[in-house]
Amino acid sequence: MPIRTTQGRGQRYDSILDTIGDTPTIRINRIAPAHVNVFVKSEAFNPGGSVKDRLALNIIEAAERDGRLKPGQTVVEATSGNTGIGLAMVCAAKGYPLVVTMAESFSVERRRLMRIFGAKVVLTPKELKGFGMYSKAKELAEKNGWFLASQFETADNADIHEATTAREILGDFDGEKLDYFVTGYGTGGTVTGVARVLRRESPETKIILTEPANAAIVGSGYVNTRNAQNQPTEGHPNFNPHPIQGWTPDFIPHVLQESIDNGYYDDLIPIPGPDGIAWSRRLAAEEGIFVGISAGATFATAMKVAETAPEGANILVMLPDTGERYLSTPLFEGIAEGMTDEEVEISLSTPYGQMEG
Ligand code: PMP
């Protein structure tokens, strides 16, 4: 095999923000069943490490365009992490102060990541769940005249997936059929934006939505109440805390409602959190693809889809973020810090620099 060569991207970027999107579609070679072709779209390649970079940039630039956001105005948002990290990166690059509200239950890495970008992180009690951090952000925006990013309601969310993520998918499957597109939801921006385009331009693609088995709020059929601004006015009764950070808040967001109302998914498959963790570990250890728990959960769902998919089917799985922000979570439970017995044995097998653990 000849040595690998590269050519550069043929351009110089004016800003880190111009590197958002155009994430790669990658074949799964070892852990998927042989009768199907499984591909993943790895959003970890975004500069902020997640799919939410897309939304963060569009929320800020759309608000700049139509004057909702003034130069130097503080931005505030409730976020479990990735939107906060994306917004923190965008606000740092553009010079806006950012305040993020976040339930204390989310991973410590995420808070510190936002702070290194210069954001302020205001924690809310875990008993108040997603609805609590959300109410706090709203209150802070109203009291201080800050710009509320409103990822769960704003049209700028699904619009950017329609304009970028969906176009990339069609481009990557140009001249090929795409049989299944599998995704979870947090705000619902990904599924709604991508589905708008697939339904129009690739109507044969089956769209599979997934949610945590112990928080199957869409599957319950009950839709929580919302106010005139489309904000939830109650938590969803079928919600339970789940380990799939970034998925399913304790209400059905307005952005996701468009997918429900328009029948944008062909199947809704619940997936247990531990399955997500198990598949995330397998993606890292057997494919070299290091991603978060929601990515593992989406992949777990795709493996269920594969069981009944016809021979030669092409399945595309959304992998929303990198695994690096999960070090303190169950994803890394049982991953040793000190040497394992096997590692000690390797150390002791030659005389130099032996360590007993
Ligand atoms: N996974 C993770 C880790 C996320 O942070 C998010 C966004 N909250 C999602 C999945 C879901 O994406 P969306 O908000 O577009 O539905």
Side-chain angles (χ1 to χ4, degrees), residues 26-44 50-51 80-82 105-107 110 130 179-188 190-191 206-220 236 238-250 252 256 265-309 313-335:
I26 306 162
R27 178 185 289 278
I28 295 298
N29 293 302
R30 300 178 64 202
I31 63 176
H35 74 284
V36 289
N37 304 307
V38 179
F39 297 91
V40 296
K41 185 164 174 62
S42 180
E43 293 295 308
S50 92
V51 67
S80 64
N82 282 329
S105 43
F106 293 110
S107 76
R110 294 184 179 217
D179 299 288
Y180 299 91
F181 172 68
V182 188
T183 182
Y185 68 87
T187 61
T190 305
V191 64
K206 289 203 162 40
I207 300 172
I208 313 296
L209 190 65
T210 173
E211 62 182 353
N214 70 334
I217 64 176
V218 173
S220 78
H236 197 287
N238 292 77
F239 178 85
N240 289 295
H242 59 79
I244 312 172
Q245 288 191 27
W247 265 21
T248 310
D250 63 332
I252 296 178
L256 179 66
Y265 48 87
D266 299 279
D267 205 357
L268 173 68
I269 301 180
I271 204 82
D275 290 13
I277 292 168
W279 280 104
S280 171
R281 289 178 174 189
R282 288 198 65 184
L283 279 164
E286 296 173 61
E287 295 282 346
I289 299 174
F290 180 40
V291 289
I293 298 174
S294 73
T298 314
F299 197 84
T301 306
M303 291 298 93
K304 281 193 192 296
V305 169
E307 284 170 17
T308 54
N314 288 332
I315 304 175
L316 179 64
V317 190
M318 275 305 276
L319 304 186
D321 71 353
T322 168
E324 283 187 18
R325 50 201 55 159
Y326 295 87
L327 284 164
S328 70
T329 75
L331 182 58
F332 277 81
E333 220 166 80
I335 307 282

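For reference, positions follow the sequence shown, starting with 1.
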Can you see which heavy atom on [X] is nearest to which on [Y], and at what distance?
X    : Y    : answer
W279 : A300 : CD1-CB, 3.4 Å
G323 : F332 : O-CE1, 3.8 Å
P270 : A213 : CB-CA, 3.9 Å
F239 : P249 : CD1-O, 3.4 Å
A306 : P33  : CB-CG, 3.9 Å
I31  : R282 : CG2-NH2, 3.7 Å

Determine yes or no for a side-chain-to-main-chain donor-acceptor pair under 3.5 angstrom, with [X] supplying the side chain and [Y] the backbone.
X    : Y    : value
Q245 : S294 : no
H35  : A309 : yes
E211 : T248 : no

Could you tell me if the side chain of [Y] sits less than 4.5 Å from the side chain of [X], heavy atoms only?
X    : Y    : value
I289 : F299 : no
I28  : F39  : no
M318 : V191 : no
Y180 : D266 : no
V51  : K41  : no
D179 : K206 : no
D321 : E43  : no

Nearest 0.5 Å, what's the [atom1]-[atom2] distance between [X] and [Y]?
X    : Y    : atom1 : atom2 : result
T322 : F290 : OG1   : CZ    : 5.5 Å
I244 : N214 : CD1   : CG    : 7.5 Å
I217 : D250 : CD1   : CG    : 7.5 Å
H242 : I293 : NE2   : CD1   : 10.5 Å
Y326 : E333 : OH    : CD    : 15.5 Å
S50  : R325 : OG    : CZ    : 6.0 Å

Legend entry - Under-4.0 Å salt bridge between K304 and D267: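 A salt bridge is absent here (no side-chain N lies under 4.0 Å from a carboxylate O).
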Legend entry - CD/E286: more than 12 non-hydrogen atoms of other groups inside 6.0 Å: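 Counting neighbours around CD of E286, more than 12 heavy atoms of other residues, nucleotides or ligands fall under 6.0 Å, so yes.
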Legend entry - Chi angles and distances behind the side chain to side chain contact (heavy atoms under 4.5 Å, CB included) call for Y265, T183: CA-CA 10 Å; Y265 48 87; T183 182; over 6 Å; no
Inset, instruction - Under the side chain to side chain contact (heavy atoms under 4.5 Å, CB included) rule, what do W247 and I271 come out as? Steps first, then yes or no, please. - result: CA-CA 11 Å; W247 265 21; I271 204 82; 3.6 Å; yes
